[in-house]
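Take a look at the structure below.
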Number of protein chains: 2
Amino acid sequence: MRQMAANMSETRDKIVAMADRLVRTQGFNAFSYKDIAAPLEIKNAAVHYHFPAKADLGIEVVEQEIEKFRSQTSRWKKLPEDEQVVKLTEVFRRHSQEGNICLMGSLAPDFRTLSPAMQAKVLEMANAIIDWLTQCLEQGRKQGRLHFKGTAHTRALIIISNLQASLLLSRVIGSSAIRDITEQLLADLRQK
Amino acid sequence: MRQMAANMSETRDKIVAMADRLVRTQGFNAFSYKDIAAPLEIKNAAVHYHFPAKADLGIEVVEQEIEKFRSQTSRWKKLPEDEQVVKLTEVFRRHSQEGNICLMGSLAPDFRTLSPAMQAKVLEMANAIIDWLTQCLEQGRKQGRLHFKGTAHTRALIIISNLQASLLLSRVIGSSAIRDITEQLLADLRQK
DNA sequence: AAATATACTTACTTAGTAGTAAGTAAACAA
DNA sequence: TTGTTTACTTACTACTAAGTAAGTATATTT
C-alpha cells in the first residue's frame with residue numbers, strides 16, 4: 001500500500017513547485033499546507049517533514065528563484081544589452097500568460113508578516129535583480145545600444161517596477177496591460 | 001458599564017479606518033477581525049454587526065478609496081496638468097512615509113482569493129485611476145506641458161505601475177526608492 | 001542479518017478564523 | 001409608557017491553520 005520511495009526527494013521538488021505556483025497565484029498568506037498536500041495526494045504532515053515551518057518552504061521557493069534568475073541571466077551574457085532587456089521582459093510576459101505574478105510582487109505586500117529570515121531572502125532576491133539590470137543598462141548605454149536619462153540604478157528601479165506592477169495590473173484589468181507596457185518600455189529605451 | 005452610543009456609527013468609521021490601515025500594511029488575507037476589534041476595544045462580533053462578512057468590509061474600504069480619489073482629483077482640476085501629476089506622486093510619497101502601500105498594490109496579488117463583488121470594486125478603482133491619468137496626460141500633451149511617446153493610455157499604465165510598485169519595492173529595499181523613481185518619472189515627462 | 005536512515009502516514013494538539021444566535025443597555029419614537 | 005431600533009456584548013459553532021509525536025514500510029549501510 002506504501003508508495004515507492006523511488007528516488008530521493010522527488011516529492012520535495014513537487015512541493016516546492018506547487019508552493020511556487022501558489023505563492024504567485026494566491027499569495028504567501030493565502031495558501032496552506034493542505035493546498036499543497038491535497039493535489040499531490042500526500043498528507044499534510046509529509047509537507048512538514050520536508051519543511052518543518054511554512055517559512056522554511058518560503059525561503060526555499062525564493063532561493064530557487066534567485067538560482068533560476070542567476071542561471072538565466074548568465075546564459076544571456078553574450079547577447080547585446082538591448083536584447084538582454086528584451087529577454088527580461090519575455091520572462092515577465094511568460095509569467096503573465098500562465099497567470100502568475102512575480103515573486104517580488106507577491107511577497108512585498110505581505111513583507112511585514114514574513115519571518116526575518118524570509119525577509120532577508122526576499123531582499124537578496126530584489127538586490128540580485130536590481131544589480132543585474134543596473135549593470136546591464138549601464139553597459140548598454142556605454143555601447144550606445146540603450147538610451148535613457150538619469151542614473152542606471154534609478155532607471156533599473158523604474159523598469160523593474162513596471163514589470164512587476166504590470167503583472168499585478170494585468171490580473172485586475174486584463175492581460176493586454178503587460179503587452180502594452182513592455183512594448184512601450186522597450187521603445188523608450190531604444191530611442192535616442 | 002455600557003458605552004455611550006454617542007453618535008451613530010462612530011465605531012463603524014473607526015473599523016473602516018483600521019481595516020484600511022491593515023489592508024495596506026498587512027494585506028487583505030493577513031489580518032483578522034480580532035486585529036480590528038482589539039485595538040478599538042470592542043468585541044469581534046461588533047465588527048460583524050457593521051460588516052457581516054469580511055468581503056463587506058473590504059468593499060467599503062475600496063469604495064471609500066474611490067470616493068477619496070475622486071474628490072482629490074476634482075480639487076486639482078484648475079491646476080496645469082504637470083502640476084496635477086506632481087500632486088498624484090505626492091499622494092504616493094505620503095503613503096510611503098506612513099509605511100502604507102496603495103490599495104491596488106495590496107489587493108492585486110490576492111485578487112483571485114477575493115469575492116466577485118470585491119473584485120468588481122477593485123476593478124472599478126483601477127479604472128477610475130487609469131481613466132483620470134489618461135485624460136490628464138492627453139490634455140497635458142495637447143497643452144505642451146507634458147511630453148511622452150506612445151498613447152496616453154499606455155503611458156498612464158506605465159506611470160501607475162511605477163507608483164504602485166515603487167511602494168512595494170520601498171518596503172523591501174528601503175524608502176529611497178520611491179523618491180528616486182518619482183523624481184525621474186517627473187523629469188521624463190517634462191523633457192521634450 | 002541487523003541496524004539505521006529515509007520518507008512518509010496516522011492521529012493528534014493548539015490556536016486561531018469567520019461567522020452566528022441570543023441577550024441587553026440606551027436612545028428615540030408613537 | 002410602551003415598543004422599537006441601534007449598537008453593541010456574551011457565548012458559542014464550525015472550521016481551518018500550523019505544527020508535532022509516534023508509528024511504519026522501504027531502502028541503504030554495516
Side-chain angles (χ1 to χ4, degrees), chain A residues 1-23 25-61 107 110 112-119, chain B residues 1-23 25-61 107 110 112-119:
Chain A
M1 201 58 42
R2 193 71 35 173
Q3 270 160 290
M4 291 272 142
N7 46 6
M8 66 179 187
S9 62
E10 191 190 303
T11 304
R12 194 191 136 102
D13 292 343
K14 285 183 190 166
I15 290 169
V16 177
M18 186 64 71
D20 182 273
R21 173 134 194 92
L22 286 167
V23 170
T25 53
Q26 238 98 283
F28 188 73
N29 288 318
F31 78 88
S32 76
Y33 272 28
K34 188 203 67 187
D35 299 322
I36 292 174
L40 298 182
E41 290 177 294
I42 55 174
K43 299 294 146 147
N44 212 314
V47 185
H48 280 286
Y49 169 74
H50 290 286
F51 302 98
K54 202 180 174 185
D56 299 320
L57 179 52
I59 287 170
E60 181 65 26
V61 168
L107 294 174
D110 300 338
R112 289 168 186 194
T113 69
L114 305 178
S115 73
M118 203 174 156
Q119 289 188 348
Chain B
M1 203 58 43
R2 192 72 33 174
Q3 266 161 289
M4 290 272 142
N7 47 4
M8 64 179 186
S9 63
E10 191 190 302
T11 304
R12 194 191 135 101
D13 292 343
K14 285 184 192 164
I15 290 170
V16 177
M18 187 64 73
D20 183 273
R21 174 134 193 91
L22 286 166
V23 170
T25 53
Q26 236 96 284
F28 188 72
N29 287 319
F31 78 88
S32 77
Y33 273 28
K34 188 203 68 189
D35 299 321
I36 292 174
L40 298 181
E41 289 178 297
I42 56 176
K43 296 295 144 142
N44 211 314
V47 186
H48 279 286
Y49 169 74
H50 290 286
F51 301 98
K54 202 179 173 185
D56 299 319
L57 178 53
I59 287 170
E60 181 64 27
V61 168
L107 294 174
D110 299 339
R112 291 168 183 191
T113 70
L114 306 178
S115 73
M118 202 174 156
Q119 289 188 348

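Every chain is numbered from 1, with letters handed out A, B, ... down the list of sequences. If you're wondering where the values come from, they're calculated on a predicted model, not measured in any experiment.
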Of residues 43-54 of chain A, the positions that come close to DNA chain C - non-hydrogen atoms, cut-off under 4.0 Å: A/K43, A/A45, A/A46, A/Y49, A/H50
Distance below 4.0 Å between A/T11 side-chain N/O and C/dC8 OP1 or OP2: yes
Rounded distance (Å) that lies between atom [atom2] of [N] and atom [atom1] of [X]:
X	N	atom1	atom2	result
B/I42	D/dT6	CD1	P	18 Å
B/N29	C/dG16	CG	C1'	15 Å
A/I36	D/dT16	CD1	P	17 Å
A/Y33	C/dC12	OH	P	22 Å
A/E10	C/dT6	CD	P	18 Å
A/D56	D/dA18	CG	C1'	12 Å
A/E41	C/dT9	CD	P	11 Å
A/M118	D/dA18	CE	P	13 Å

Can you measure from [atom1] ([X]) to [atom2] ([Y]) and round to the nearest 0.5 angstrom?
X	Y	atom1	atom2	value
A/H48	A/N44	NE2	CG	5.0 Å
A/N29	B/D110	CG	CG	8.0 Å
B/H50	B/I42	NE2	CD1	7.0 Å

Stacked cation flag B/K43 on B/Y49, 6.0 angstrom / 45 deg: no
Non-hydrogen atoms of A/I59 and A/A117 that approach each other most closely: CD1-CB, 3.7 Å
Any donor-acceptor N/O pair, B/K54 side chain to B/F28 backbone, under 3.5 Å: yes
